[in-house]
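Notes follow once the structure below has been shown.
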Amino acid sequence: MSYNHQEIEKKWQAKWAAARTGYVDESVSRDNALYYLIMFPYPSGSGLHVGHVESQAAIDILARMERMRGKNVLCPIGYDAFGLPAENYAIKTGVHPSVTTKAAIENFHNQMQSLGLSFDWSREISTADPEYYKWTQWLFLLFYKNGLAYRKKSPVNWCEGCHTVLANEQVVAGACERCGTVVIQKDLEQWFFNITKYADRLLAGLDSLDWPEKIKSMQRNWIGKSVGAEVTFGVEGRGVRGEGLAVTVFTTRPDTLFGATYLVLAPEHALVDSIVTDEYRSAIEAYRIAASKKSALERTELQKEKSGAFTGSFAINPATGEKIPVWIADYVITTYGTGAIMAVPAHDARDFEFAKKYQLPIKVVVAKDGEELEGFFEEGLAVHSDFLNGLSTKDAKQKMIAWLEEKGIGNAKTTFRIRDWLVSRQRYWGAPIPIIWCEDHGAQAVEEVQLPVELPTDVDFKPTGESPLVDSKTFHDVKCPVCGKDARRESDTMDTFVDSSWYYLRYTDPHNPNAFADKSKVDYWCPVDLYLGGAEHAVMHLLYARFFAYALHDLGYLNFEEPFMKLRNQGLILGPDGDKMSKSKGNVVNPDEVVSEYGADALRMYEMFMGPLEDAKPWDTKGVVGIRRFLDKVERLGERVQGAPDAGVQRTLHKAIKKVTADLEELKFNTAISQLMIVVNEFSAATSINKETFESFLKLLAPLAPHLAEELWEKLGHATSIFAESWPMFDAAMIVDDVVEMGVQVNGKVRGTISIAPTADEAIAKDLAMAEPNVVKWIEGKEIAKIIYVPGKIFNIVVR
RNA sequence: GCCGACAUGGCGGAACUGGUAUACGCGCACGACUCAAAAUCGUGUGGGGAAACUCAUGUGGGUUCAAGUCCCACUGUCGGCACCA
C-alpha cells in the first residue's frame, strides 16, 4: 500500500511557503551562521534535469539538518539567465530572449518548489534582471577605473558558429566550448580583465582551500607557472640593418644553455622581418603564410610532424661562443614566454624531433641521475664540465642565472600560461558593457547614476559578427559624458562568466539598490562555507570568481580573498544505459515524471542513495521503487506507534543518530540512508514501536524526506513543524554493545566466531576461542607461536 | 605523450586508522496471504563442492600474525591538459 504522496507533498509545500521556511535571521552571531551554495542553473527551456536535482537535494538536506542543529543557514537559489541558447532560439523563432527566459525561470521555480527545497525564495535572483546587471556593469566600471579592465588589439579566438570572440578558457581542443565549431584567430580590439596580475596569488591561494585535488590541479595547470630565465642571444651577420640585433628567449632550463644548438622564433615574432636574410626571405614568407592559415585545431592535430624554415641568420650562444642558426617554426607559440626559444635538442623531445628532421646539431650536456657524464659530450663539454659539472639541476640553474645576470645577457624570469580574460562578446543577450565612445574623448565610463545601461528591445538578433546592439538607434546613439557631443555606446556585451563571478555576493543583499551588496551583509555571510556544483566549472567559473574576489578584496570591498572555502562536485547522473543523458540518445529521465509517480521525497532520496555524491552513476528506476517501498514502510510504521522502548531498537537508533549525523556532515548520503533502512528493518521486526524512539527516527529522516516526515510528525499529534525540532543527540552509553560476534582466526583464516564483550581481556577471549570445536580442530597437535588479540575485532592464533 | 582518479556479487554500491569482504538497496528463487494477480510479509541468495573444505575485491609480485585497504610492476576504464620551451 502506498500513501498518497501527491496530496501530502502539496500540502506541506504550501505550509512551508506560508511559513517562509529557509529564511534567515541575521541577528544570530556569525559563528552560528552558515552559507551553503549550489551553482545556480542556466534556466534552459527543457526544464530541470535530474542532475540539477542531485545538487539541490544534497544542499537542501544539509541546510535542513544544520538548521535543526541551531544554525542560521543561508541557502539561496537564482538563475544564470544570460547566454546563447535563448538568443539562438530568438534567432530561429523571433521570440525575444527575455520572454523565453522568463518562462523558463518560472518553470524552474515551480519544479524546484515541487521538490520541497527549502531555498530562501525571497532572495531569488536572475543575472538578466536590470537590477542585477546594473551591478555587473558597476563592477566592470570599478575594474575599468582601477586598471583591471582594459582594451587591446590582439589575436583573439573567434567562433564562426557563435559569431563572437571567446576567452581562452572557452576554447576546448581548438574548438568552441559551446558549439564545437573550430576556433580561428582574428586580430581584433577587445575588452580584457587583467586576471594575469593575480596569477601568482590565484595559484598560491589554492593551497589553503578544501577543494577536490582534481580541481585544484586543473587550476594549477591552467595558471601554468614556469620558473626559469630569459636569455638574450646576439644575432650575427645582420650588420647592415641589424646592428645590435638580439633575440630574447624564455627557458625553464637555463642550465642546458651549453646544449642550445639553434634558436626558434614563432612565425609571428616581431623580429623575424629584420632577422631574415634576403636569400631566405621568400621561403620564410611562404612558411609564415602557411602557418597563419592553420587553425588552432590543425596546429595541435598536425602535431606529428614539425615544420619550420631557416632565416639565414646566426645567433651566438653566449655560453659556448658558437654560431647557431636561427629558425622559425610554428611549434613555438607567440603568446607564451617571449615567443622565441633556445633549442636544446638533446634534452627536449620537441627540439630533438625538429633537429632530427632538419639535421641540426644535437649536443648532450646534462647527465640523467646516475649516468656517467664522460663520453656523452661533444664540443662544449669542457666549458660545461668546468662550469656546472657536479651540481644538481637546481644549483646549476641558479649558477647559470647568476652568470647571465653578471654578464647582463639574462635574468631570472617566471612565466604564466594563463592569459588575460577576454570579456567582450558580440552578442545581444548579455549585460551591455557600460562604455561610451566619443571621437574626442575615447572610451568613457557611463556615469554611475545612468546605470543600468539597459538592453534595448528594438534589435534584430541575427548575428553578423558585430553585436546586434549596433542596430538599435535608441541604444546606440548617445552623448559623450565629457563634452556632450554625439557619441556611440559600446555595443558589445559581457561574457556570462562575468555575471556568475559575483552572484554569491548579491545573494547576501539581493535587492539593495545602492550597492552590489551592503558590506556588513557580505561580511556576515561570506565567504561561502560549502559550494556544490559540477566539475565542468573547474577552470572557468571557479577561476573567474576567485579573481573577482581577489580584486574586490584589494579594492577594499571584501575582507576575504577566497570566495569558496569548501567545494564539492556532484557526479553526473547517467542514463539507464550507462551513457551520458542526451536527447538524441533518448535516455533522458524527466524529474517531473518521477515526482508525479513516486513523489519528491522518493526522487530526492533515491538520488542521494545511488552512490557517492561525487561519482558518476547510472539511473535505475527500480532503485526509485526501492526507496518508495522504504518510505511506504515508514508510513505504515507510523500507525503502529505505541508501547515502551525496546532496548535493541534503542541501541540501533542511537547508533543511527551517530552515523547519520557524521555521514551527512561528510556528504555521505548513501550510507546515511542505508543506516536509516537498518533502523526501519528493526522497527518492522519489533513487537511494538515506542513513540519517542520513532520520533527521533523521524527527525533523522526529515532532511531527506521532508514531506513524509512532516506528515507523520503531525499525525503523532504535533502542531508545529518537525523542522522546528532540534536534531537528535546520541547517548554514547547506549551505543556500546555488551556482546559482539568476533571472528577467531587460525593463521589468519577465520575458523569460528565467539560471542564476547568488546572489553573482555585476553584470557577470557582465549578461553572462549579455545572452546570453539572448529578452532580446536585446526590447532590440535600444533605449537602456538603467537596470539594476536584486538578486542572487539579479531582473535588470531598463529600455529606452527 | 603528460597529469589525475578509479577497478569489489547478476546490478548500484558498503567496509573506521590494515582486523569476520560483499552492509543497504535492486534483481532472482522459494514460501505465506489470495479464486487469481498486484501489493505486503517471511526465508534464502559470491563461485565450486554432498560435505569437510576451498577459491574469490582488474592482473602479477611483495610487506604483515592478518591486505579490498600499504608498497612495486602491469592492464583496463573514465576525466583533464596537450607543441607552454
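Order of the sequence lines sets the chain letters (A, B, ...), proteins ahead of strands, with each chain counted from 1.
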### Query
Which one, B/C41, B/G79, B/G19, comes nearest to the side chain of A/Ile794?
B/G19
### Message
So if I take every side-chain heavy atom of A/Thr252 and compare against B/G19, B/C81, B/A85, which nucleotide ends up nearest?
### Response
B/A85
Distance between [atom1] atoms of [N] and [M] (Å, rounded):
| N | M | atom1 | value |
| --- | --- | --- | --- |
| B/A51 | B/C41 | P | 32 Å |
| B/A67 | B/C30 | C1' | 38 Å |
| B/A66 | B/U17 | C1' | 15 Å |
| B/G79 | B/G27 | C1' | 31 Å |
| B/C81 | B/G10 | P | 36 Å |
| B/C3 | B/C72 | P | 15 Å |
| B/C6 | B/G58 | C1' | 11 Å |
| B/A32 | B/U69 | C1' | 43 Å |

### Message
Which is more 5' along RNA chain B, the nucleotide nearest A/Lys668 or the one nearest A/Met342? Just name the residue.
### Response
A/Lys668
## Note on the structure
Comparing A/Pro618 with A/Val744, nearest RNA chain B nucleotide closer to 5' gives the residue A/Pro618
Heavy atoms only, 4.0 Å cut-off, all strands: where does [X] land among base, sugar-phosphate and nothing?
| X | value |
| --- | --- |
| A/Trp778 | sugar-phosphate |
| A/Thr753 | base |
| A/Asn221 | nothing |
| A/Asp663 | nothing |
| A/Val750 | sugar-phosphate |

Rounded interatomic separation in angstrom, taking [atom1] from [X] and [atom2] from [N]:
| X | N | atom1 | atom2 | value |
| --- | --- | --- | --- | --- |
| A/Trp619 | B/G13 | CH2 | P | 14 Å |
| A/Met218 | B/A82 | CE | C1' | 13 Å |
| A/Arg636 | B/C41 | CZ | P | 5 Å |
| A/Ile788 | B/G18 | CD1 | C1' | 13 Å |
| A/Asn569 | B/A5 | CG | C1' | 12 Å |
| A/Asn4 | B/A39 | CG | P | 19 Å |
| A/Lys617 | B/A14 | NZ | P | 10 Å |
| A/Glu213 | B/G80 | CD | P | 18 Å |

Can you tell me the pairing partner of [N] across any strand shown, Watson-Crick or G-U wobble, with both distances under 3.5 angstrom?
| N | value |
| --- | --- |
| B/U34 | none |
| B/A14 | none |
| B/G27 | B/U45 |
| B/G4 | B/C78 |
| B/C65 | B/G19 |
| B/U59 | B/A73 |

### Message
I'd like to know whether NZ of A/Lys413 has more than 12 heavy-atom contacts from other residues, nucleotides or ligands below 6.0 angstrom.
### Response
no
### Query
Could a donor-acceptor pair under 3.5 angstrom be found where the side chain of A/Lys793 meets the base of B/C16?
yes
[N] phosphate, OP1 or OP2: any side-chain N/O from [X] under 4.0 angstrom?
| X | N | value |
| --- | --- | --- |
| A/Arg417 | B/A82 | yes |
| A/Arg751 | B/A66 | no |
| A/Lys777 | B/C53 | yes |
| A/Asn670 | B/A14 | yes |
| A/Lys786 | B/C65 | yes |

### Query
What form does the base of B/G9 take, syn (within 90° of 0) or anti?
syn
### Query
Would A/Tyr287 and A/Ser307 count as having a side-chain donor-acceptor pair, cut-off 3.5 Å?
yes
### Task
Answer with yes or no whether the side chains of A/Asp351 and A/Tyr331 bring together a donor and an acceptor at under 3.5 Å.
yes
### Task
Run through A/Lys617, A/Gln570, A/Arg604 and flag the one making a side-chain hydrogen bond (donor to acceptor under 3.5 Å, both in side chains) with A/Glu54.
A/Lys617
## Note on the structure
Partner of A/Thr248 under side-chain hydrogen bond (donor to acceptor under 3.5 Å, both in side chains), picked from A/Thr232, A/Asn411, A/Thr338, is A/Thr232
Contacts under 3.5 Å, N or O only, protein and nucleotides 24-28 of chain B:
unit_1: B/G25; atom_1: OP1; unit_2: A/Asn681; atom_2: ND2; d: 3.3
unit_1: B/C26; atom_1: OP1; unit_2: A/Arg629; atom_2: NH1; d: 2.8
unit_1: B/G27; atom_1: OP2; unit_2: A/Arg629; atom_2: NH1; d: 3.3

### Query
Are A/Phe354 and A/Tyr262 close enough that their ring centres sit under 6.0 Å apart?
yes
Main-chain N/O of [Y] paired with [X] side-chain donor or acceptor, under 3.5 Å:
| X | Y | value |
| --- | --- | --- |
| A/Arg751 | A/Val775 | no |
| A/Asn317 | A/Leu257 | yes |
| A/Gln219 | A/Ala538 | yes |
| A/Lys622 | A/Asp620 | no |

Protein N or O to nucleotides 43-50 of chain B N or O, pairs below 3.5 Å:
none

#### Entry: Approximate separation, where rounding is to 0.5 Å, of A/Met742 CE and A/Ile794 CD1
7.0 Å
### Task
Indicate the ring-plane relationship of A/Phe683 and A/Phe697, choosing parallel, tilted or perpendicular according to the 30° and 60° boundaries.
perpendicular
### Query
In terms of the angle between their ring planes, are A/Phe497 and A/His541 parallel, tilted or perpendicular, with boundaries placed at 30° and 60°?
parallel
